Visitor: 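Please see the structure below; I have some questions.
Keep in mind that what you see is a predicted model, and the values were worked out from it rather than measured. Chain identifiers are assigned alphabetically (A, B, ...) following the order of the sequence lines, protein sequences preceding nucleic acid strands; residue numbering begins at 1 within each chain.
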Amino acid sequence: MARKRLIQAINDALHEEMARDPKVILFGEDVEISMFGDTAGLHERFGPDRVRNTPISEASLTGMAVGAATSGYRVVLHMMFANFIYTGFDAIANQMAKLRLMTGGQIELPITIVAGYGGGRSTAAQHSDTPYPLLMNLGGLNVAVPATPRDAKGLMKTAIRGRDPTVFLEAGGRGGESGEVPDEEYLTPFGEAAVGREGTDVTIVAIGSMVRPAMRAAKQLDGQGISAEVLDCRTLVPLDEDGILRSVAKTGRLVVVDEARDRCSAASHIAAVVAERGFASLAAPIRRLTVPDTAMPYAPAAEKHLLPNPEKIVVAVSALMAGSAN
Amino acid sequence: MARKRLIQAINDALHEEMARDPKVILFGEDVEISMFGDTAGLHERFGPDRVRNTPISEASLTGMAVGAATSGYRVVLHMMFANFIYTGFDAIANQMAKLRLMTGGQIELPITIVAGYGGGRSTAAQHSDTPYPLLMNLGGLNVAVPATPRDAKGLMKTAIRGRDPTVFLEAGGRGGESGEVPDEEYLTPFGEAAVGREGTDVTIVAIGSMVRPAMRAAKQLDGQGISAEVLDCRTLVPLDEDGILRSVAKTGRLVVVDEARDRCSAASHIAAVVAERGFASLAAPIRRLTVPDTAMPYAPAAEKHLLPNPEKIVVAVSALMAGSAN
Amino acid sequence: MPQDSDRTLPNRVPTNGQLLSMFERMLTIRRFEERLGEDFHAGKLPGGVHLYIGQEAVAVGVCAHLDDRDRITSTHRGHGHFIAKGGDPKPMVAEIYGKRDGICGGMGGSMHVADVSKGILGANGIVAGGIPIAAGAALAAQLDGNGRVVVCFFGDGAANEGVLMESMNIAALWQLPLIFVCEHNGFSEFSPSDTVTAGEIRERARPFGMPAELVDGNDLVAVWRAADTAVDRARTGQGPSFIEAATYRIRGHLEAEAHFLSRSYRSEEEVERWRRNDPIDRLSGHLLSSEICSEAEISAIEAKIGEAVEEAAAFAEASDLPDADRAPALMFAGGPAEAA
Amino acid sequence: MPQDSDRTLPNRVPTNGQLLSMFERMLTIRRFEERLGEDFHAGKLPGGVHLYIGQEAVAVGVCAHLDDRDRITSTHRGHGHFIAKGGDPKPMVAEIYGKRDGICGGMGGSMHVADVSKGILGANGIVAGGIPIAAGAALAAQLDGNGRVVVCFFGDGAANEGVLMESMNIAALWQLPLIFVCEHNGFSEFSPSDTVTAGEIRERARPFGMPAELVDGNDLVAVWRAADTAVDRARTGQGPSFIEAATYRIRGHLEAEAHFLSRSYRSEEEVERWRRNDPIDRLSGHLLSSEICSEAEISAIEAKIGEAVEEAAAFAEASDLPDADRAPALMFAGGPAEAA
Ligand SMILES: Cc1ncc(C[n+]2csc(CCOP(=O)(O)OP(=O)(O)O)c2C)c(N)n1
Ligand SMILES: Cc1ncc(C[n+]2csc(CCOP(=O)(O)OP(=O)(O)O)c2C)c(N)n1
Ligand SMILES: [Mg+2]
Ligand SMILES: [Mg+2]
C-alpha cells in the first residue's frame, strides 16, 4: 500500500491499462501536458498515436469517441471540466447513450469519458457543475464517481475494460483526496456501494466528494451517541439499490448527501428508490442534502454556503433522530 | 369556449403574444412552414424580421437566443424535436441557465424554448426523448409541460411574458390532445398544479402526456371503488410542491406518472420531495411509473411496452391500495 | 461491388462491367425505395421514411470504391447508402417494418439502419451526427494502418452544423483517411438551400487545406471519378477530401409531409425539371447508346430487382415482431469484461 | 473613448488625440492586469486569472470604434476587453476579489466580468461561448435598425469550435452587423496553435462571402484601421467582417499554471522575442518619435494609472463580501411580468 492522491491513482490506472492493452487510446484537449495531472506521462510513454491533444471541438470529440470505439478501440476521452460535457452533449445523449439499442445490439462502445467536477474552488458557474444527474437520466451510460484514490484507480480500470460507455467524474481539484492504494492489481466492481463506516441509527448515502464530509459528520455524530452508517455509492449507474436498501432496513433512516443541484439529483433518485422499495423500513422522512438549484457563485463564502458539509449533515441527522425533519 | 387541439392552442397563444408585443420574435428551423403546426401563419402575418427560418445550427441558435434576449427582445426559439435540445445544449446549460447569476443579476432572459417531446409514434430513439429531468436539474430554467390545450395556451403566454428562460415542451404528436379553450384572454400561472380530478384514496401526480392516461386510470379505479385524485403538474419548475403535499396529506398515497426515463426523473424528484416533506402523511410506498432507463425502440409494441398507460397505473394503484408495492 | 485491380490509378473511368454493376445497384435502391414509399402510404410502416430517390448516383458512385472493411456513416436519408455499401436490402426492409428480423432487430427503424459487419455504421436521425463518428472511425483506420478509409455522407443542410467544421479541422490536421461527401439536394428539410446557406459549401473545406470538388451528383461517372481520386488519397495516406455532389431530392423530405404541411415549398416545374435529369435514366441512356447493354438486359435487371423487392417485402411481412420487452437488455453490452 | 465625427470614412488613420487616448487605455489594461497578477500570487484572489498582457492593442484598437450602445462578447481572458469597451476597472477588480461591490456582485469573478450598461455582455468561461451570443445581439441590433454593431472577441483556439462556423454562416446569410475578431495569440491553452489548427483561421470566413483580414495585432494603428473598415461596414448594413489579429500571450494561460504544470510548453526565447514586440512599447515609441507626446506626458499618464490601480485595489480590499446566501435569489428575475 502507498498513500496517494486521487489524481495520482487515476494516472496509475491509465498507465497500467494503456500498458496492458494496446487498443486503449486517449485523447482530449491538452491531455499531453495534463492540466489536472491525471494523464501525465502518458503521451511521453505511449506516443502520439495513442495519446494526443485535440483542438477545442467538444461536439466532435464525443462523436469521434463513438466512431473510434465502434472500430475496435477502447477510448478514453478527457473532457477537462465537467461543464464542457455540455458542449459535447449531443453525441453523448443522442449517439453514445443510444447507438447500441438503435443498432439492435450490433455494437459495443468501450468509452470512458473523464472530467473533473464540482465546486469549492471559486472556479465559478461555468467550471464547477456536477452533471451526473443528467448523465444518469440518459439511460445508456455507466456513471462512476469515486471518492477515494483506491476506488478511483479500481473504477477507472473497470471502466476502461468495460464494454459500455462510462462517464468517470473526478473530484480532483488540487489533486483530490489522499488515501491508501493497494500495490497489487485490482478492479473495483460497478454497482457495489462501499460501506465507509458501519452504523445502526441512520444511513448516510454519499457520492464522490461528499463521502469525506459524510464520514466526518458520522464521527461527530458518534460523539453525540448517534451511530451513522456511511455508504459511498462509487457508481451511480449501476446503482447499488440493494446495498442501500439493506442499510436502511437496518437503520430506518436515510440522509443522502449529493453535490449536485437538488432537482432531479442523484439524491432525489436514491430517495425515490428507498421511498418505494424500502418504505416499510423507514422510521423518518428521507433527507436530501444537495446544492440548491443554483449555479455556483464565485465568492468563496457564497459558494461554500451552498455546498453540503459535515456541520449541515450533523444538523440534519440530529434533527432526523430527534423526530423533526429540519 | 372552443374545442381545439393542443398544437392549435399553442399557435393561438403565439399569434396573440406576437400581436400584443412587437418585441416578441421567433426563430428556428422551418418555423415558417411549421412542421408541427404550432408556428403556422406567423411568418405570413408578422414577416421575416420577426419570424424566420434558421440554418440547422442548434449550438448557435441557443446562444443567439441569449444574445437577442439580453438586447431587449423576447425570444421564442423553436427546437423542433426535443432531442435537438441536446445538440444545442451548451448554451442552454452553460449560458442561459447561469448568466443571470454570473452577471450578478444584470440581465433578464425572456426566452421560450419550444420543442415536441415524447414517444409513442415510432419516431425511434433520436426523436422521442423526454428531456425535462435534465432541464430541471440545470437550475436556471422554468420548465412547462402542458397536458391540455387550455393550459398549453395559458402557459405559453405566461412563458413569453416572463422575465426568465422557460423550456416549453409539447406532447404534440399528431396535433396533441383536444380540449376546451376559453375565448377570452387568460394566463396560466407557473407553479400551480391543476387538479384534474379530486379523490381521497390516492394521489396520482402526472406530467404532460401522462395526464390523460392518469385520468383514464382514475376513472377505471373509481369503478373499483378507489378514489384517485389526479394532479397535473403543468410546470415542473417551479413545481407546486405544496399542492402535491396537500393532496398526499389527504390521500396518504402517491403514484407519480412520468414519461421520462426513470433515473433522476421528475417522478424521482417529486417522490423525493414527498418522502421528505410529506413523510408523515404517507400510508404506503411511493410508486413511480416511468420509462425504464432505455432509449426508445422503433417497433411499436416494444415502444408501447415501455410507456406508462392506464392499465399500468390501475395495477400500480390497486397494488398500493392492497398494501403490496408492486 | 466488384473492384478492378487498377482501382487506385488516377484519371480512371469505370469499366463497362462496373457501370453495369453500378446501374443495378442504383436501380435496386430506386425500386426498394419506391416500394417503401408505397408501403408507407399503405400504412404498413410504423414510422416515417425519408426517401433517397433521385440521389442514387452519389451513394453508388462513391461506395463503388469501398470494401467491407471501409466504413461509412449516413443520414436520416440512409437506405441508399445502406444498399450502395453492400447492405442486404432484405433485413433493411424488415427493419423499416419494425420486425424481429430487421437488421437492427426492429429497434432502429428507417433512420437507424446499420450493418456494422459491412462497415455501415448507420443511418442517423441527428443531422450531421454521423460526421464526427466518421472522423473517429477514420482515426481508428489510421491507427490500424491498413489502408481502410471512411466516408461520411451528409446533406447540404447538415453542412451548417458546426461539427462539420470541427471534424474538417481535425481530419485535415491529422490527415485522416476520411472523405466528406455533401449531397446538395436543394433542401434543408423544407427550406431551399440558399435560404439557409451562405456561399458554396465545398469552399468551406479549402481553408483547412483539403481538396474540394463539385460534381454533378446525377452523373454516375462524374461521382465515381471524383470518389476515385478522393478514396485513393485517403488510402495512400494523403488525407481527407471533400466532394460536393449537386443533386435533387425528388420525393418529399419525408413521405408523410403531404399529411401535415399546409403549403408546398417548391414548384412542380422544378421537380419536373429534375425528373428529366434522373441519374438512373441518364445512366441507362448511356449504357444503351454506348451499347454497353441492351434493352433486354436492362429488363432482366429490372425483373431480378422486382423479384428481390417482392421477396424482401414478403420476408418483412412474414417476420415476427420483436419481443415487446427486448429494448432494456440492449442498452448495455454487459458488465466490465473482466471485473465480473 | 472619444470619437471623431469622420469615424466612418474609409482609409482613415487615428488622430493624435485618439492615439494618446488609446495609449492610455492600453496602459490601463496593462497596469491593472499586472496588479491582478501580483494579487493572485499574493493569494488575494479567490479564483484564477487569465491575463491579457501583450494583446492590449487588439481590444483597444477595435473598441475605439464602439459606443456604449454597441455590444461586445469576450472570453475567459476578458479584463482587457472590459476596460477597452469602457468598463470601470474599479468594480472589475472588486469582482475579481469576489466582493459585494464587484461589477457582478462577486458572483461571476474574473471569467464573467460584464457590464451590460456599457454593452459588455461579459467575459465567458466557455470557449467560443460568446460567439453565438454576439450573433444574437447582432440580430437584435439589426432589428432595432439604429446602426448598433456587435463585436465578438475570441481566441485562435476558440476558432476550432463549431459554433464559429455556424455563426459565420448565419451572420453572412442575414448580413448581421457583427465583427468577428480572432486573437491569434499562439496558443490554445497549452497547445501551440499550429498543433491544433489546420490552415489559416481567417480563410475560414471567406467561403461565407465575408471579408477577412489579417493584421499585426501588436500594431495598434493596424488594428484600429482594420476595425474602422469592419465597423463601418457593419454600421452601414454591409454585413459581417472577420479580423484575425496576430499577437502573443506573454503571461501564462492562467497565472496558476506554474503551480500545476509539470513542464513548460514554450521557450523563454520565444517569449522574449515577443516581449521585444510589445504593443505598448511600440505605441509609446511611435508617440515619442512622432512627437505626439513627451516622456513627461507619458509619465503623467503612468502616474495617473498607478493611482487608479491603487485606488481600485483599496476599494476592492475594503469592499465587503457578498451575503453568503445571495446566489439563489439571483437565478430568476421573477415571475412572469404580468401573470403575478
Ligand atoms: C440535430 C438535428 N436538427 C434538426 C433535425 C431535423 N431535420 C431532419 S432532416 C433535416 C434537414 C436535413 O437537410 P440536409 O442535411 O440537406 O439533408 P436532406 O434531408 O436534404 O437529405 C432536419 C432539419 C434533426 N434531425 N437533427
Ligand atoms: C468549451 C470549453 N472547452 C475547453 C475549455 C478550457 N479552456 C479554457 S481556455 C482554453 C484555450 C482557449 O484558447 P484560445 O481560444 O486561443 O484563447 P486564449 O487562451 O489563447 O486567449 C481552453 C481549452 C473551456 N473553457 N471551454
Ligand atoms: Mg439537403
Ligand atoms: Mg489562443
Visitor: Mind listing the closest non-hydrogen atom pair of A/Q106 and C/A114 along with its distance?
Guide: NE2-O, 2.8 Å

Visitor: Please name the pair of heavy atoms, one in A/S60 and one in C/S167, separated by the smallest distance, quoted to 0.1 Å.
Guide: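 For A/S60 versus C/S167, the nearest heavy atoms are OG-OG, 3.0 Å.
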
Visitor: If I measure from the heavy atoms of chain C, does A/Y186 come under 4.5 Å with its side chain, its backbone, both, or neither?
Guide: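 Neither; nothing under 4.5 Å.
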
Visitor: Would you mind checking which part of A/I160 comes under 4.5 Å of any heavy atom in chain C, side chain (CB onward), backbone (N, CA, C, O), both or neither?
Guide: neither

Visitor: Any chance you could measure A/K98, atom NZ, to C/M107, atom CE, to the nearest 0.5 Å?
Guide: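 Going from NZ on A/K98 over to CE on C/M107, the span is 15.5 Å.
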
Visitor: Within the side chain of C/R71, is there an N or O that forms a donor-acceptor pair under 3.5 Å with the backbone of A/T70?
Guide: yes

Visitor: Taking all non-hydrogen atoms of both residues, which atom of A/D164 and which atom of C/A333 are closest, and how far apart?
Guide: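 Closest pair (atom of A/D164, atom of C/A333, distance): OD1-N, 2.6 Å.
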
Visitor: So for A/A91, is it side chain, backbone, both, or neither that comes closer than 4.5 Å to the heavy atoms of chain C?
Guide: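 A/A91 has no heavy atom closer than 4.5 Å to chain C.
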
Visitor: Of the backbone (N, CA, C, O) and the side chain (C-beta and beyond), which part of C/A134 lies under 4.5 Å from a heavy atom of chain A, both, or neither?
Guide: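 Neither the backbone nor the side chain of C/A134 comes within 4.5 Å of chain A.
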
Visitor: Against chain C, label A/R50 side chain, backbone, both or neither, depending on which of its atoms sit under 4.5 Å from a heavy atom there.
Guide: neither

Visitor: Go through the atoms of A/A97 and report whether side chain, backbone, both or neither lie under 4.5 Å from a heavy atom of chain C.
Guide: backbone

Visitor: Test side-chain hydrogen bond (donor to acceptor under 3.5 Å, both in side chains) on C/Q142 and A/D49 and set out the steps.
Guide: CA-CA 9 Å; C/Q142 186 181 57; A/D49 274 358; over 6 Å; no

Visitor: Quick one: what part of C/L143 sits under 4.5 Å from any heavy atom of chain A, side chain, backbone, both or neither?
Guide: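 Contact with chain A involves both backbone and side-chain atoms of C/L143.
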
Visitor: Side chain from CB out, backbone as N, CA, C, O: work out which of these in A/T54 comes under 4.5 Å of a heavy atom of chain C, or both, or neither.
Guide: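 For A/T54, backbone and side chain are both near chain C.
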
Visitor: Report the distance from atom CG of C/L121 to atom CD of A/Q95, rounding to the nearest 0.5 Å.
Guide: 11.0 Å

Visitor: What's the shortest heavy-atom distance between A/V237 and C/F332, and which atoms?
Guide: CG1-CZ, 4.2 Å

